[in-house]
Amino acid sequence: DVKVTQSSRYLVKRTGEKVFLECVQDMDHENMFWYRQDPGLGLRLIYFSYDVKMKEKGDIPEGYSVSREKKERFSLILESASTNQTSMYLCASSGQVLRETQYFGPGTRLLVL
Amino acid sequence: DQQVKQNSPSLSVQEGRISILNCDYTNSMFDYFLWYKKYPAEGPTFLISISSIKDKNEDGRFTVFLNKSAKHLSLHIVPSQPGDSAVYFCAASEIQGAQKLVFGQGTRLTINP
């Protein structure tokens, strides 16, 4: 069974803090993704990575950065958290085979005060 | 600009009846479509998919129909069961951006006993 884990289920941070969200997958997947889920907007892609040390911007990268130093780990960084980054953050991974399913972690609910 | 739209935020269906969830898309480059199901406090899980070379794909109680000329797909669940109560997301991808998914806003399905 594919397992995608996220470091925290709930997180409360203050405006201006630097925030790290960690994601680890155990299936040796090449691709990893970060989404945010907001009511009425569905899931929106923030960043993704096809390989170690490789990253590409998704649809809403502003205010975020990512790091992929190891194949199994993909980190999302909020350099200076703002209240409009309060959201549910979901990490996913998939293999390199065309059309392979994306497997999601349980999500991190982030509240920025 | 929402490329994948689910216009019904919620749907309520009697147990045992058919549930029909709809999804429209605008990008004619999309050629692969998926449905994900999401329970509260869990990540989305893959349900069923369809390629643009087909107009129907069936898996047990779940059937997805694709109408390319109308840029419309639908998910049919027959018969509906209480465990089907969840949020359903439609997603699409282009052949060129093979691993990137674009999600709809989601439809909350409630199955009433």
Side-chain angles (χ1 to χ4, degrees), chain A residues 1-10 21 23-25 27 29-51 54-61 74 87-109, chain B residues 1-10 21-27 30-54 57 59 62 64 66 86-108:
Chain A
D1 249 8
V2 175
K3 191 143 189 201
V4 180
T5 56
Q6 295 184 228
S7 50
S8 306
R9 297 300 300 268
Y10 300 95
L21 302 182
C23 175
V24 177
Q25 49 95 2
M27 281 302 292
H29 282 165
E30 289 80 7
N31 305 315
M32 295 189 76
F33 307 83
W34 274 107
Y35 296 88
R36 62 179 281 177
Q37 181 196 351
D38 299 290
L41 297 175
L43 278 69
R44 293 179 292 165
L45 183 63
I46 305 171
Y47 266 97
F48 60 103
S49 169
Y50 287 146
D51 203 350
M54 183 266 163
K55 61 187 178 187
E56 286 200 28
K57 293 180 180 179
D59 300 316
I60 50 164
F74 192 34
S87 187
M88 167 70 84
Y89 289 88
L90 291 158
C91 175
S93 73
S94 70
Q96 209 61 296
V97 173
L98 189 65
R99 308 305 189 196
E100 191 163 330
T101 302
Q102 288 188 20
Y103 296 89
F104 283 83
T108 296
R109 187 165 290 284
Chain B
D1 180 33
Q2 195 86 24
Q3 296 185 72
V4 178
K5 294 181 185 177
Q6 295 174 255
N7 291 316
S8 298
S10 63
L21 294 92
N22 293 303
C23 179
D24 297 296
Y25 62 95
T26 57
N27 186 344
F30 287 148
D31 71 333
Y32 190 67
F33 304 88
L34 309 89
W35 286 93
Y36 278 80
K37 175 179 178 178
K38 185 180 185 299
Y39 292 118
E42 294 183 16
T45 54
F46 170 74
L47 194 56
I48 192 169
S49 63
I50 187 166
S51 164
S52 60
I53 61 172
K54 292 185 169 184
N57 188 27
D59 183 2
F62 302 92
V64 56
L66 176 62
V87 177
Y88 290 79
F89 290 99
C90 168
S93 70
E94 298 180 27
I95 186 72
Q96 294 300 326
Q99 305 295 349
K100 279 181 61 176
L101 295 178
V102 179
F103 284 84
Q105 305 97 311
T107 296
R108 181 178 301 278

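What you see below is based on every heavy atom in this structure, not just the backbone, and it leaves out hydrogens, waters and symmetry mates. Below, read A as the first sequence line, B as the second, and so on, with proteins coming before strands; counting in each chain starts at 1.
One distance of note links CG of B:Leu101 with CZ of A:Phe33; it measures 6.5 Å at 0.5 Å rounding. In this structure, OH in A:Tyr35 is found 4.5 Å from CZ in B:Phe103, a value given to the nearest 0.5 Å.
For A:Gln37, the side-chain contact (heavy atoms from CB on, under 4.5 Å) partners two or more places apart in sequence, or in a different chain, are A:Leu43, A:Met88, A:Leu90, B:Lys38, B:Phe89.
Listed in order of number, the residues of residues 44-52 of chain B that approach chain A to under 4.5 Å between heavy atoms are B:Pro44, B:Phe46.
If you measure heavy-atom distances from B:Gln6 to chain A, you find no contacts under 4.5 Å at all. Of the two parts of A:Arg9, only the side chain, counted from C-beta on, holds a non-hydrogen atom closer than 4.5 Å to a non-hydrogen atom of chain B. Looking at A:Thr101, both its backbone and its side chain come within 4.5 Å of chain B, counting heavy atoms on both sides.
By the 6.0 Å contact criterion, CZ on A:Arg109 is open, its count of non-hydrogen atoms from other residues, nucleotides or ligands being 12 or less.
The heavy-atom pair separating A:Leu45 from B:Lys100 by the smallest distance is CD2-CE, 3.9 Å.
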